[in-house]
Amino acid sequence: MPVNADAKGKTYPPFEYEVGKEKIKEYAWAVGEDNPVHFDREQARAAGFRDVAAPPMFAVVYSGGAVGPAVLDPEVGINFAMMVHGGQEFVWGEPVCAGDTITTQTSVKDIYERGGMGFYVFESVSLNQDDQEVVRGTWTNIVRGV
Amino acid sequence: MQVELKVTPDKYLPHRYAGASGDFNPIHIDKEFAEQVGLPSNILHGLYSMAQVARACTTAAGGDPRSLRRLSVQFRGMGLPEQEIVVTGADTGERDGRTVLGLEAAQGDNKIIKNAEAELTSAP
């Protein structure tokens with residue numbers, strides 16, 4: 001049975017996330033980032049950031065909440081029992097700092113079949129409170145045995 | 001530019017990462033559940049492993065988080081807690097004035113991230 005690609009191009013409501021200093025610290029500690037710009041406001045400012053700076057991969061924290069509903073959307077129709085996270089790309093723009101409000105919009109970028117597997121590709125675009133792009137994510141989920 | 005980073009996630013790392021990231025999928029934090037669905041154990045979050053590749057890149061660039069402009073990865077084998085992750089990489093050229101790196105992450109012979117590509121720039 002071919003994959004149903006009807007949801008290709010569908011977009012989802014914007015998802016807003018307020019970035020907190022303690023959340024950045026919690027994330028940085030969990031992944032082993034030890035640069036003081038992730039922990040100390042004065043050192044972050046001395047390095048040219050507005051406030052404590054998020055590590056690049058903190059993108060999963062503020063944009064993940066925008067992608068979840070798209071992955072779970074029944075119209076997309078992913079069979080979760082057979083799904084794996086196949087690939088991920090982030091393209092970074094303006095740095096994210098504590099105090100920022102990040103708004104992320106998700107869309108279904110592509111749905112296709114290859115080698116008996118379904119590929120479900122989502123794109124998230126995250127902007128800060130000044131409408132500067134902070135990250136663009138491409139999330140590829142693979143479903144075996146479609 | 002050569003990149004190498006070694007890290008051994010401890011037994012409770014997936015729990016800390018779940019809290020930090022918000023991803024509480026039981027395959028990452030519940031060993032019994034993971035074994036019931038056919039996994040060898042609870043497994044690392046793929047995005048945690050990707051964060052180690054990102055950290056290897058920014059460390060190689062001198063530590064500034066702004067140096068990492070792009071990172072793409074393919075997730076392969078399951079990563080497991082309490083096993084050393086080795087991230088290796090080398091520059092493969094330049095693109096738009098940025099250094100391009102090819103990288104992978106492995107636990108022993110098990111490649112958990114393949115075909116990773118990063119673009120690094122000098123810090124502003």
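Computed from a predicted structure; not experimentally measured.
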Residue pair [X] / [Y]: nearest heavy atoms and the distance that separates them:
{"X": "A:A30", "Y": "B:L13", "result": "O-CD2, 3.2 Å"}
{"X": "B:R69", "Y": "A:G93", "result": "NH2-O, 3.3 Å"}
{"X": "A:V31", "Y": "B:Q52", "result": "O-NE2, 3.0 Å"}
{"X": "B:A20", "Y": "A:V61", "result": "O-CG2, 3.7 Å"}

Inspect the surroundings of [atom1] in [X] and state if more than 12 heavy atoms from other residues, nucleotides or ligands are less than 6.0 Å away.
{"X": "B:E84", "atom1": "CD", "result": "yes"}
{"X": "A:K10", "atom1": "NZ", "result": "yes"}
{"X": "B:Y12", "atom1": "OH", "result": "no"}
{"X": "B:D96", "atom1": "CG", "result": "no"}

Do the charged groups of A:E89 and B:R70 touch, with an N to O distance under 4.0 Å?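 Salt bridge: yes.
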
Interface residue of largest heavy-atom contact number with chain B, from A:F58, A:F90, A:W29, A:Y27, under 4.5 Å: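 Looking at each of A:F58, A:F90, A:W29, A:Y27 in turn, A:F90 comes out on top.
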
Considering only heavy atoms and a distance below 4.5 Å, find which of A:V60, A:V84, A:V135 pairs most often with chain B.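 If we count pairs closer than 4.5 Å to chain B, A:V60 comes out on top.
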
Please round to the nearest 0.5 Å and tell me the distance separating atom [atom1] of [X] and atom [atom2] of [Y].
{"X": "A:H85", "Y": "B:D23", "atom1": "NE2", "atom2": "CG", "result": "10.0 Å"}
{"X": "A:M57", "Y": "B:L71", "atom1": "CE", "atom2": "CG", "result": "7.0 Å"}
{"X": "A:W92", "Y": "B:T121", "atom1": "CH2", "atom2": "OG1", "result": "14.0 Å"}
{"X": "A:N35", "Y": "B:R55", "atom1": "CG", "atom2": "CZ", "result": "11.5 Å"}

Is A:A28 in contact with chain B via its backbone, its side chain, both, or neither, using a 4.5 Å heavy-atom distance?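 Answer is neither: A:A28 stays 4.5 Å or more from chain B.
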
Region of A:V37 in contact with chain B, defined by heavy-atom distances below 4.5 Å: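 Contact with chain B involves the side chain of A:V37 alone.
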
Please classify the contact of B:V73 with chain A as side chain, backbone, both or neither, using a heavy-atom distance under 4.5 Å.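 When you check distances to chain A, atoms from both the backbone and side chain of B:V73 fall under 4.5 Å.
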
Per-residue contact mode, B:Y48 against chain A (heavy atom under 4.5 angstrom):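 The side chain, not the backbone.
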
Count the heavy-atom pairs under 4.5 Å between each of B:G19, B:P9, B:G46 and chain A, then report the option with the highest count.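 Greatest number of close heavy-atom pairs with chain A: B:G19.
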
Same cluster (ILVMFWY, side-chain, under 4.5 Å), [X] and [Y]:
{"X": "B:I27", "Y": "A:F80", "answer": "no"}
{"X": "B:L80", "Y": "B:F33", "answer": "yes"}
{"X": "A:V121", "Y": "A:W139", "answer": "no"}
{"X": "A:V3", "Y": "A:V76", "answer": "yes"}
{"X": "B:M50", "Y": "B:V3", "answer": "yes"}

Do B:F75 and A:I142 have side-chain heavy atoms sitting under 4.5 Å apart?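 Side chain of B:F75 against side chain of A:I142, heavy atoms only: no contact under 4.5 Å found.
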
Are B:P65 and A:P55 packed together at the side-chain level, in the sense that at least one heavy-atom pair is separated by less than 4.5 angstrom?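 Sidechains of A:P55 and B:P65: no contact.
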
